[in-house]
Amino acid sequence: MMSSLQHLNPTVKGIRESAHSGLQSLAAHVTQEIAQGVQKPFKEVIDISSGDPHKAGMKPISFVRQVLAVCLHPELLGNKTLPLDVRLRAQRLLEVCDGGSVGSYTDSSGIPHVRQSIAEFIMRRDVGVHSHAKDVFISAGSQRGLMVILKLLASGEGDTQTGVLTPRPCPHTLPTLLDDAGVALVPYQLMEDRGWAVDLSELHHALKCGRGGCNPRAIYISNPGTPTGHVQDWESIEEVIRFAAAERLLLLVDEVYQDSVYGQGKEFISFKRVLFEMGKEYSGTVQMVSLHSLSSACMGECGLRAGYMELVNMDPEVTHFVDTMLCTDISSPVTGQLALDLMVNPPRPGDPSNDTYTQATLSQNAQQAHEFLNDLPGMSSQQAKGGIYLYPRLHLPSEIIEKAKELEVEACVLYCQMLLKEEGVFLGAGCQNGETTGKHYLRLCILVPADTLEEVLARLASFHLRLMDMCPYPDRGVKGRDIGDTL
């Protein structure tokens, strides 16, 4: 019976409500009003609050969709209007599906052929560092894989509760995931004035503070950073690995946007590659889980729900329970697994489909948005070097901050609510599940068509300048209408 709230699982009741979910509800409400004929100064809501590029208008890769179409409807194998490499790849993938059908279940840890393809991709990426299919586990998105690991880590209560060192800022879905797993969030601050870099002294400080209230057993890090766009260099990765080794922490490394590094002089370097060039003292002892998924910038196939994790230096008895946990899903979506194979084995030069498999460039969008936002009064943005987000800071007049306190919301949430209502632009609020820092940020995805980005920036500027005119501001000495008029 769950006849009342008191019968609900207390762990679920303890999950912090995300600011993003409230904004999603508001966006849905505004969209419904437009459909019902309510007059708005805009025709549709543009959502660039999170990494969902196809929703924002980015086109899928033809090769991927064509191969999956043939796998879903094998009669297309005889359709010679499709490129030969599409039909050959689809035929090979159907051969590795039980019954030759994407409608069949697979092993809980993933199709063996796809796991082997992923291991070979990792070896190519890491210049020969060995990877084995048995250490690769496919899940319904990288977050599902991360949840499995968190569930295996979670134990204790109070000062014995498992804790995970978590960057601030972090992916907006991560605090909720930690709550759901019953794991304590131990924040470590990224250095904004250094482009959101990881700072070793801050890691030590966070760990010391965390040990006063829980038992930190892991550190989560994303590279390239989400939502900051920071890209770690070799030295920084080594520092984190040495820290994890000294403190006996499991490394949880989110490398989903490894295909989207565009900062001048920057390149993606995996944690595993660095680890295995540090000698046996580290390569044979440091435990690590690295994550990747179809939500990568190149694919953007968020809805196909497939990702993988590679376990490094994990006890075989532990990996057994990883497989056991994945059994609760029966298997990951088969079309997503096949798309993973296409992601790690794209068409090669000379293949008929090679020209259709082109990675969307983020560099131009990142530079344009960075310059535009920094030109607005009361806004500043660090330059992203990778990933698909910008994370600008809002320097808001005191009147807006006071109004937010009166309404019992974070100032950045109020800003996003007003922007949605007035301009139909849905940006993410930078606050982390009720965690107050006294600073206010926005999150916007830049993996969108160029014309969409231009429209978003134009609407944002119109709203932002009006908002600044409402209140006295150091750079603007005139007070306009009251902020309450817009709510």
Side-chain angles (χ1 to χ4, degrees), residues 19-20 23-61 172 226-227 229 257 260 262 295 297 300 302-303 358-384 387-394 396 412-430 440-470 486:
H20 188 72
L23 290 169
Q24 280 182 314
S25 297
L26 178 58
H29 176 71
V30 173
T31 298
Q32 185 178 36
E33 286 185 327
I34 295 171
Q36 292 171 346
V38 177
Q39 291 299 307
K40 303 282 184 183
F42 48 87
K43 294 181 179 179
E44 62 179 354
V45 170
I46 303 177
D47 181 359
I48 61 166
S49 64
S50 57
D52 192 352
H54 290 177
K55 182 178 182 179
M58 295 296 290
K59 300 301 181 186
I61 297 169
H172 66 278
T226 300
Y257 297 121
S260 54
Y262 41 81
S295 297
C302 308
T358 56
Q359 179 178 341
T361 177
L362 287 162
S363 179
Q364 186 174 350
N365 279 4
Q367 185 65 29
Q368 178 187 357
H370 168 73
E371 292 175 356
F372 188 95
L373 295 174
N374 279 323
D375 282 341
L376 292 177
M379 196 175 292
S380 61
S381 175
Q382 296 292 320
Q383 190 161 20
I388 66 171
Y389 293 100
L390 286 186
Y391 196 70
R393 182 176 176 182
L394 289 169
L396 295 171
C412 56
V413 174
L414 176 59
Y415 183 99
C416 289
Q417 290 173 345
M418 295 169 65
L419 177 62
L420 249 174
K421 292 175 181 178
E422 292 191 28
E423 295 288 347
V425 171
F426 182 8
L427 301 186
H440 312 288
Y441 298 90
L442 301 173
R443 180 185 66 252
L444 60 152
C445 175
I446 52 174
L447 184 53
V448 298
D451 57 346
T452 300
L453 181 64
E454 288 179 6
E455 177 68 17
V456 165
L457 295 178
R459 293 193 200 181
L460 174 60
S462 176
F463 164 78
H464 187 80
L465 293 174
R466 288 198 308 272
L467 189 66
M468 292 298 105
D469 277 335
M470 291 178 190
T486 70

Please list every donor-acceptor pair under 3.5 Å in which a side-chain atom of residues 367-374 meets a protein atom from a residue at least two apart or in another chain.
| unit_1 | atom_1 | unit_2 | atom_2 | d |
| --- | --- | --- | --- | --- |
| Gln367 | OE1 | Gln383 | NE2 | 2.5 |
| Gln367 | NE2 | Glu371 | OE2 | 2.5 |
| His370 | ND1 | Asn374 | ND2 | 3.3 |
| His370 | ND1 | Ser381 | O | 3.2 |
| His370 | NE2 | Asn374 | ND2 | 3.4 |
| Asn374 | OD1 | Ser381 | N | 2.7 |
| Asn374 | ND2 | His370 | O | 3.2 |
| Asn374 | ND2 | Ser381 | O | 3.1 |

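More than 12 heavy atoms of other residues, nucleotides or ligands sit less than 6.0 Å from atom NZ of Lys40.
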Derivation of the side chain to side chain contact (heavy atoms under 4.5 Å, CB included) call for Thr31 and Glu44: CA-CA 7 Å; Thr31 298; Glu44 62 179 354; over 6 Å; no

Audit row: Gln24, Phe426, side chain to side chain contact (heavy atoms under 4.5 Å, CB included) steps and yes/no: CA-CA 8 Å; Gln24 280 182 314; Phe426 182 8; 3.9 Å; yes

List the steps, then state whether side chain to side chain contact (heavy atoms under 4.5 Å, CB included) holds for Ile446 with Leu390. CA-CA 7 Å; Ile446 52 174; Leu390 286 186; 4.0 Å; yes

Check step by step if side chain to side chain contact (heavy atoms under 4.5 Å, CB included) holds for Leu419 and Leu442. CA-CA 12 Å; Leu419 177 62; Leu442 301 173; 5.9 Å; no

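To the nearest 0.5 Å, the span separating CZ on Arg443 from CD1 on Ile48 amounts to 10.5 Å. The structure places SG of Cys445 at 8.0 Å from CG of Leu362, a figure rounded to the nearest 0.5 Å. Here the NE2-CZ distance, from His440 to Arg393, works out to 8.5 Å after rounding to the nearest 0.5 Å. With values rounded to the nearest 0.5 angstrom, Gln364 atom CD is found 12.5 Å from Tyr262 atom OH. Rounded to the nearest 0.5 angstrom, His54 NE2 and Leu447 CG are separated by 8.0 Å. Taken to the nearest 0.5 Å, the NE2 atom of His464 stands 12.5 Å off from the CG atom of Leu457.
Looking only at side-chain heavy atoms (C-beta outward), Ser295 and Asp52 stay at 4.5 Å or farther from each other. At least one side-chain heavy atom of His172 sits less than 4.5 Å from a side-chain heavy atom of Ser50.
Residues Pro449 and Ala56 share a closest heavy-atom pair of CD-O, 3.4 Å. Scanning all heavy atoms of the two residues, the minimum distance from Pro41 to Glu422 falls at CG-O, 3.4 Å. Considering every non-hydrogen atom in both Leu453 and Val448, the closest pair reads CB-CG2, 3.8 Å. Gly51 approaches Ile388 most closely through the heavy-atom pair CA-CD1, 3.6 Å. Listed here is the closest heavy atom pair of Phe42 and Leu420: CZ-O, 3.7 Å. The two residues Leu444 and Pro392 have their closest heavy-atom pair at CD2-CD, 3.5 Å.
In this pair, Tyr441 and Tyr391 present their aromatic rings parallel. The plane angle is below 30°, not in the 30 to 60° band.
Judged as a side-chain hydrogen bond (donor to acceptor under 3.5 Å, both in side chains), the pairs with a partner in residues 454-463 (not counting sequence neighbours) are, in order, Glu423-Ser462, Glu455-Arg459, Ser462-Arg466.
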